[in-house]
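Please read the structure below before turning to the comments.
Predicted model only: the values in this text are computed from it and were never measured. The figures that follow rest on heavy atoms only: side chains count, while hydrogens, waters and symmetry mates do not. Numbering of ligands and ligand atoms starts at 1, following listing order.
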Amino acid sequence: MKKVYADNAATTNVSKPVLEAMLPIYENVYGNPSSLYEIGAEARVYLDNARETVAKCLGANQNEIYFTSGGSESDNWAIKGVAHALMAKGKNHIITSKFEHHAVLHTCEALRKEGFEITYLEVYENGIVKPEDVEKAIKDTTALVTIMYANNEIGTIQPIKEIGAICKKHGVLFHTDAVQAIGNVHIDVKEQNIDLLSLSGHKFHAPKGVGALYIRRGIRIPNLIDGGAQESGKRAGTENVAGIVGLAKALEIATETIDSKNEKLKKMTSRLIDEVLKIERSRLNGDREKRLPGNVSFCFEGIEGESLLLMLDMKGISASSGSACTSGSLDPSHVLLSIGLPHEIAHGSLRLSFSDVNCEEDIDYIIETLPPIVNRLRAMSPLWDRIING
Ligand SMILES: *Cc1c(COP(=O)(O)O)cnc(C)c1O
């Protein structure tokens, strides 16, 4: 049976060149970067080079890059860090959006319990935050605006530069969860007015458990982990050198290939969208143009997303109903509700996300496999019967 991995927004494979960059670290350069002898010093050089590469890919300076264990950690550190740093100055208000990743939403919720006030901005039917809404929500007590670069469930890309400019104008710090955007859009933190940015390796062909946080020079936030002097003393613990080297390699490749990859993915997903929308009572979630080229999210009326996933899996297609983090729960996705979908439609969701490992044959296979499955599920669905026969 043909196998199609169409869940690259949940995680990606580690690519060959990334693995090849990592292996020598495990085998030969296994010294502790803080040790003074040769293989320690050698590991330090790899670490420094990786930091320089990551900084270059973001338009940042080396000393603004802090390695972490991934996206969730970077989001937690950025948001709680800024909140706690500015609390003493009477700043206790945070602005975010309704459709952030749970790493951001649950962090904001934790801060709310500590006494912070949180504003959740609308994302409208197209799944895009309005910069003017950000400006209207800012007040004297606002410490931070945190808006994701691209949404993980519906792929919509946010007007980051404009939001950053508004924050700058009002002297408010701006964090973006760029976990989905990294390697898919051109990012320049200075040009785009970004103060803090989270990224995670496993979304762009580096291993799981390694990520980074960009913190603009001059912003002082509390240490995440106290201990040794690693990461400028702000996040202690012996560095995951191989993971970091892999992350830098993956980011370098992803950044160099953005345009060619996007051209290919856009062609693939445009065809997929056109074909899938021929299914009656189907819809594409989020803006058709302002989206990650590799991400498509559909809803099919009258069926359950979970059943759809199981049947696709039986045909060798790995997909998701939305976010990997909420699968298993019966609640519809907060992202789909945030763009105004009623519960019963949000339940019938399907996210297909592609990376440069996918090809046109994968799209052919999905186009051939998906519509009959939707029809079969609908034939068995009392809900569909009611939709059609009133
Ligand atoms: C995957 C993801 C995260 C979490 O990253 P981890 O490295 O898995 O902790 C955070 N935000 C977004 C938008 C994501 O897609």
Side-chain angles (χ1 to χ4, degrees), residues 5-14 18 54 65-81 96-110 120 123 127-129 146-158 160 163 175-185 187 194 196-214 224-225 235 240 243-244 246-248 250-251 254 285-286 291-297 318-328 333-336 338-339 349 351-355:
Y5 183 71
D7 203 14
N8 288 273
T11 197
T12 59
N13 65 307
V14 174
V18 169
V54 172
I65 303 298
Y66 297 82
F67 290 113
T68 67
S69 72
S72 301
E73 181 182 320
S74 294
D75 285 341
N76 269 259
W77 190 15
I79 298 168
K80 288 176 184 159
T96 186
S97 82
K98 287 188 174 169
F99 77 163
E100 297 295 311
H101 190 274
H102 281 144
V104 169
L105 286 181
H106 291 170
T107 298
C108 288
E109 188 52 25
Y120 298 93
V123 295
I128 296 173
V129 170
T146 173
I147 302 287
M148 68 199 320
Y149 207 121
N151 184 272
N152 48 304
E153 288 188 34
I154 60 173
T156 49
I157 297 172
Q158 308 304 309
I160 291 302
I163 294 171
H175 165 252
T176 186
D177 173 342
V179 174
Q180 290 293 330
I182 288 287
N184 297 309
V185 300
I187 293 182
I194 299 166
L196 302 103
L197 176 145
S198 304
L199 63 89
S200 176
H202 74 101
K203 303 290 173 80
F204 54 88
H205 305 296
K208 293 157 189 62
V210 62
L213 178 64
Y214 154 77
L224 181 68
I225 302 176
R235 186 198 185 264
N240 172 8
I244 290 167
L247 176 128
L251 183 58
N285 299 314
R291 61 187 312 114
L292 296 172
N295 182 311
V296 288
S297 163
S318 308
S320 142
S321 59
S323 157
C325 318
T326 46
S327 47
S333 131
H334 70 284
V335 173
L336 298 177
S338 76
I339 59 168
S349 62
R351 177 185 71 185
L352 297 164
S353 50
F354 304 94
S355 75

For atom 3 (C) of ligand 1, the option (of Q180, H101, E153, H102) bearing the nearest heavy atom: H101
Between I79 and V104, is any pair of side-chain heavy atoms under 4.5 Å apart? yes
Quick one: pull up CD1 in I157 and CD1 in I128 and give me the separation to the nearest 0.5 Å. 8.5 Å
Hey, which atoms in ligand 1 end up nearer than 4.0 Å to a heavy atom of M148? 13 (C)
Report, in ascending order of atom number, the atoms of ligand 1 lying under 4.0 Å from any heavy atom of H202. 6 (P), 7 (O), 8 (O)
Give me the one residue out of V14, T11, T12 that meets side-chain contact (heavy atoms from CB on, under 4.5 Å) with K208. T11
Heavy-atom distances under 4.0 Å decide this one: backbone, side chain, both or neither, for K203 against ligand 1? side chain
At under 4.0 Å between heavy atoms, which part of K208 makes contact with ligand 1: side chain, backbone, both or neither? neither
S198: which of T146, D177, D75 passes side-chain hydrogen bond (donor to acceptor under 3.5 Å, both in side chains): D75
Looking at side-chain heavy atoms only, is the closest gap between Y66 and L224 below 4.5 Å? no
Gap separating the CD atom of E73 from the CD1 atom of I225, nearest 0.5 angstrom: 5.5 Å
Report, in ascending order of atom number, the atoms of ligand 1 lying under 4.0 Å from any heavy atom of G70. 7 (O)
According to side-chain hydrogen bond (donor to acceptor under 3.5 Å, both in side chains), who are the partners of T68, at least two apart in sequence or on a separate chain? S74
So, is E73 polar-close to ligand 1, with some N/O to N/O distance under 3.5 Å? no
For S72, which part has a heavy atom under 4.0 Å from ligand 1: side chain, backbone, both, or neither? both
Does ligand 1 come near enough to G71 that some N or O of the ligand is less than 3.5 Å from an N or O of the residue? yes
Does the N or O separation between D177 and ligand 1 drop below 3.5 Å for any pair? yes
